[in-house]
Amino acid sequence: MSGSSTGNNLENRIPSAPPNFIRHIIEEDTRTGKYDGRVITRFPPEPNGYLHIGHAKSICLNFGLSIDYHGDCHLRFDDTNPEKEEVEYVESIKADVRWLGFDWKDHRYFTSDYFDRLYDYAVRLIRMGKAYVDSLSAEDIRRYRGTLTEPGKDSPFRNRSVDENLALFQKMKEGGLDEGECVLRAKIDMAAPNMVMRDPALYRIRKAHHHRTGDKWCIYPMYDFAHCLSDSIEGITHSICTLEFENNRELYDWILDTLKVYHPRQIEFARLNLSYTVLSKRKLIELVTGGHVTGWDDPRMPTLSGLRRRGYTPESIRNFCDRIGVAKRDSMVDLGLLEYVIREDLNKKAHRVMAVLNPLRVVIENYPEDQAEMLTAVNNPEDPDMGARQLPFSRVLYIERDDFMENPPKKFFRLSPGREVRLRYAYFITCTEVIKNETGEVVELRCSYDPATRGGDAPDGRKVKATLHWVSAAHAIDAQVRLYETLFSVENPAAAEDFKAVLNAGSVQTLTGCKVEPSLADAPPGFSCQFERLGYFCVDIRDCVPGRPVFNRVVTLKDMWVKIKDQHQK
Ligand code: ATP
Ligand code: MG
């Protein structure tokens, strides 16, 4: 069976992504020969959680630029925070970047590999009189920092001699001081208008085990110190980060200039915000540990592993990232756009199949008891190369309960007593009798079929107003189907006082006793298809038992996003 996609084929990338201000900068730098025309970018995740769709934006941007400008993109684990980081996250991040279709070649780095060099750089700053060990408490450091409108105050320890600072920094390193007893700070300007420049901390004491360096270190560099120097060590040319770091650029430049080392250029862009979604690792961790979802790869999660399990393809996510573009101002992207790109991708690739989620039994009374016949069904009307398959038809069928109404209102054109409809790829049938149980619930329909309409057309040209999907009861396979809605019930859950209070209680509905056509018996995990008239569905990669598939609904067929777009254009 084909139709599902692992699709790591980068030739499907839009060959030249739309221009944006970062491309302009890079093209200008290439033209003027800055960095000798090289383009080296990096994606620097902190291994403290699983990657989400926001990270995909950064991955597609950084790796995409390196492909388009024939450079490299480094995968650097920013592992300076020993307490929160785990090997599990490192492995999941590598798997997710690869799944998206990108290759860091042999450029896989860890900031922790630079700990010795970073320490030496710190010593150099101390020798230059540009860094000092401060023994103020964390709280006092905060109080001395001042505010946006008031300058800060110098720490009483600011003028320690170089020798004293060197001795104290060494003592910090050797474990002779306790956590919180002191920090190493850059000596810049406590009255700087940019608060980031008011003697920022460079190193702190953390007596914690590190997943790579073990117990070698009990001091760890701060992000601002480690990040620019790691970029410099690796010869990054364009260091692309999100807008929150705009104020930190002055410090990035100060550290590299003061140490007189190779100096990449930091460029900021707007992070991705997505409606009905939270994109913060801290919040996503809370959802996992609090049991609000079944795990990092819960199909409702905006993580790459969740999206993959839901049935998103790497192409669709790369396409999404190309379409949202790169801007300098924060905005909120409509979740409908993500649904649009996967619908667009699966429309081309996915087999159409028949599945009945809420079955109603139908007996074709004039069809012979022991007969079954095979009918031809097209796999994908968008793509004749995808061929056709044989579908069994017999006397007892299932149709969707919603496709029948005993007393239909005016606009209901599907099956009702006395009404004729088409069964897709099969015959016209007419409902002749309704069977109910003691409580009055409809439990079965008796119908007749017209043998002359085989394949779904009447030779006399008579028309019907509805075409229904169906499966043959004797041949159908039982399946479980999970219908997903947004995880949150409000558009901007991040703005809620407690984001967990706006979780959507109906975000998953599990249907058992669904009936699917027999060709799906051996559908492999990850196989995506379209259930005719119902949506795109993907065989779950975790919960399937052979012969008893579990399907996740990837997305409905209805295109909300196009509607929203049309409304905006009116
Ligand atoms: P989070 O806010 O989810 O904890 P983070 O920025 O702390 O994210 P990192 O692991 O440090 O997570 O991120 C690695 C890279 O991904 C960074 O360069 C960061 O700018 C980028 N990134 C993170 N979230 C987004 C987002 N929503 N949109 C675009 N880029 C993002
Ligand atoms: Mg970060």
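One-based numbering, in listed order, for ligands and for the atoms of each.
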| note | Per-atom filter on ligand 1: closer than 4.0 angstrom to a heavy atom of T242 are 20 (O), 29 (C), 30 (N), 31 (C)
| task | Would you confirm whether the ring centroid of Y203 sits within less than 6.0 angstrom of the ring centroid of F225? | result | yes
| said: Is there a polar contact, in the sense of an N or O pair closer than 3.5 Å, between L272 and ligand 1? | reply: yes
| query | Taking the minimum heavy-atom distance to atom 9 (P) of ligand 1, which of H52, K281, R271, K283 ranks first? | reply | K281
| field | Student check: side-chain heavy atoms of K328 and F269 closer than 4.5 Å | value | no
| said: Using the ring centroid of each side chain, check whether Y252 and F245 are separated by less than 6.0 Å. | reply: no
| said: With a cutoff of 4.0 Å, is R282 in contact with ligand 1, counting heavy atoms of the residue only? | reply: no
| field | Heavy-atom gap F245 to ligand 1 smaller than 4.0 Å | value | no
| remark: Check: of P302, S239, G54, S58, min heavy-atom distance to atom 29 (C) of ligand 1 comes from G54
| field | Numbered atoms and elements of ligand 1 in range of L279, under 4.0 angstrom, heavy atoms | value | 3 (O)
| said: Using the ring centroid of each side chain, check whether F77 and F110 are separated by less than 6.0 Å. | reply: yes
| query | Quick check: does P44 get an N/O under 3.5 Å from an N/O on ligand 1? | reply | no
| request: Output every pair passing ring pair (Phe, Tyr, Trp, His ring centres under 6.0 Å) with a member in residues 19-39, not counting sequence neighbours, ordered by first then second residue. | output: Y35-H238
| task | Could you check whether the rings of Y109 and H107 sit parallel, tilted or perpendicular, using 30° and 60° as the cut-offs? | result | tilted
